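This structure is a prediction, so every number in the text was calculated from the model and none was measured. Computed over heavy atoms, backbone and side chain alike; hydrogens, waters and symmetry mates excluded.
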Amino acid sequence: YELGYTGRAHIDEAFAREGLQADVVLTAMDADVIKTYVELDMGVGIVASIALDAERDRHLRMIDARHLFEVNLTRLGLRRGSWLRGYAYRFIETFVPTLTREAVDEALRSER
């Protein structure tokens, strides 16, 4: 990913921890662009697991490397007491399956 992108710092830190200097020639802000570079034999790509699509990426070889990198934390901000439409609940559950409608509603009612 490009410098300044949230996960990029973790990638650079992982290389530095091992005393390695990554030879980064191309960067992109979008995982699909990175995967396209790889499909064109332009190198290897490091993308978040959420960016993987079994159907679209069937021509790529994926190697689980999560043990090499720090976890990236994503937060969702919601206003307490707000009313959400069904698609918003489905969107949230896409990121974290345990954040069901009931769990989100409980958090929205919470005092903290």
Side-chain angles (χ1 to χ4, degrees):
Y1 293 106
E2 289 187 356
L3 289 173
Y5 190 81
T6 305
R8 175 60 189 270
H10 290 167
I11 293 169
D12 293 341
E13 289 166 6
F15 277 87
R17 244 189 339 266
E18 297 301 319
L20 300 171
Q21 178 68 38
D23 183 13
V24 179
V25 178
L26 294 171
T27 62
M29 295 264 314
D30 183 86
D32 285 331
V33 173
I34 294 170
K35 292 185 291 186
T36 299
Y37 289 161
V38 173
E39 287 175 327
L40 295 170
D41 288 330
M42 297 177 79
V44 299
I46 300 172
V47 298
S49 60
I50 197 168
L52 302 178
D53 178 324
E55 180 59 28
R56 184 250 181 252
D57 301 329
R58 66 185 180 281
H59 303 296
L60 298 174
R61 168 88 159 75
M62 304 298 169
I63 299 171
D64 186 350
R66 74 181 86 187
H67 62 285
L68 300 174
F69 304 101
E70 296 291 323
V71 172
N72 286 317
L73 181 64
T74 301
R75 297 182 187 269
L76 296 171
L78 303 169
R79 196 169 90 207
R80 275 193 200 98
S82 62
W83 181 82
L84 299 176
R85 296 182 180 270
Y87 65 83
Y89 289 103
R90 288 189 299 278
F91 176 75
I92 292 168
E93 204 167 347
T94 297
F95 287 99
V96 183
T98 57
L99 285 179
T100 61
R101 184 180 198 119
E102 294 76 24
V104 172
D105 284 343
E106 184 178 324
L108 289 172
R109 289 190 300 269
S110 157
E111 290 295 320
R112 352 179 268 183

- Query: Nearest heavy-atom pair of Val47 and Ala31: which atoms, and what distance?
  - Reply: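 Scanning both residues, the minimum pair turns out to be CG1-CB, 4.0 Å.
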- Least distance between heavy atoms, His10 atom then Val71 atom: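 Looks like CE1-O, 3.3 Å.
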- Query: Which residue pairs satisfy the salt bridge (Lys or Arg N to Asp or Glu O under 4.0 Å) criterion with at least one member in residues 40-49, sequence neighbours excluded?
  - Reply: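 Matches after skipping sequence neighbours: none remain.
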- Task: Taking the side chain as every heavy atom from C-beta outward, state whether Val104 and Leu76 have any atom pair closer than 4.5 Å.
- Result: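 With C-beta onward as the side chain, the pair stays apart.
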- Could you please spell out the steps behind the side-chain contact (heavy atoms from CB on, under 4.5 Å) verdict for Lys35 and Val38? CA-CA 5 Å; Lys35 292 185 291 186; Val38 173; 5.5 Å; no
- About how many Å separate CZ of Arg80 and CG of Leu108, when rounded to the nearest 0.5 Å?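 Here the rounded value is 9.0 Å.
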- Message: Could you measure the distance from the CG atom of Leu60 to the OG1 atom of Thr36? Nearest 0.5 Å is fine.
- Response: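 Rounded to the nearest 0.5 Å, the CG-OG1 separation comes to 8.5 Å.
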- Task: Just jot down the ring pair (Phe, Tyr, Trp, His ring centres under 6.0 Å) partners of Phe91, sequence neighbours excluded, or say none.
- Result: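 Partners of Phe91 under the ring pair (Phe, Tyr, Trp, His ring centres under 6.0 Å) test: Phe95.
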Could I get the full list of side chain to side chain contact (heavy atoms under 4.5 Å, CB included) partners for [X], not counting sequence neighbours?
X: Ala48; value: Tyr1, Ile50
X: Ile63; value: Arg61
X: Val33; value: Ala28, Asp30, Tyr37

- Message: So, using side-chain hydrogen bond (donor to acceptor under 3.5 Å, both in side chains) as the criterion, who are the partners of Asp53 when residues are at least two apart?
- Response: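 With sequence neighbours excluded, Asp53 shows a side-chain hydrogen bond (donor to acceptor under 3.5 Å, both in side chains) to no residue whatsoever.
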- Query: side-chain hydrogen bond (donor to acceptor under 3.5 Å, both in side chains) with Glu102: which residues, sequence neighbours excluded?
  - Reply: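 Here the qualifying residues are Thr100.
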[X], [Y]: one ILVMFWY side-chain cluster at the under-4.5 Å cut-off?
X: Val44; Y: Met62; value: no
X: Leu99; Y: Leu78; value: yes
X: Ile46; Y: Leu26; value: no
X: Met42; Y: Met29; value: no

Restricting to salt bridge (charged side-chain N to carboxylate O under 4.0 Å, His left out), what partner residues turn up for [X], sequence neighbours left out?
X: Arg58; value: Glu55
X: Asp64; value: Arg66
X: Glu39; value: Arg56
X: Arg101; value: none

Acceptor/donor pairs from residues 82-90 side chains to any protein atom, 3.5 angstrom cut, sequence neighbours excluded:
unit_1, atom_1, unit_2, atom_2, d
Ser82, OG, Arg79, O, 2.7
Tyr89, OH, Asp105, OD1, 2.4
Arg90, NH1, Gly86, O, 3.4

- Side chain Arg17, main chain Phe69, donor-acceptor under 3.5 Å: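 No, the answer is negative, given that no donor and acceptor are paired below the 3.5 Å cut-off.
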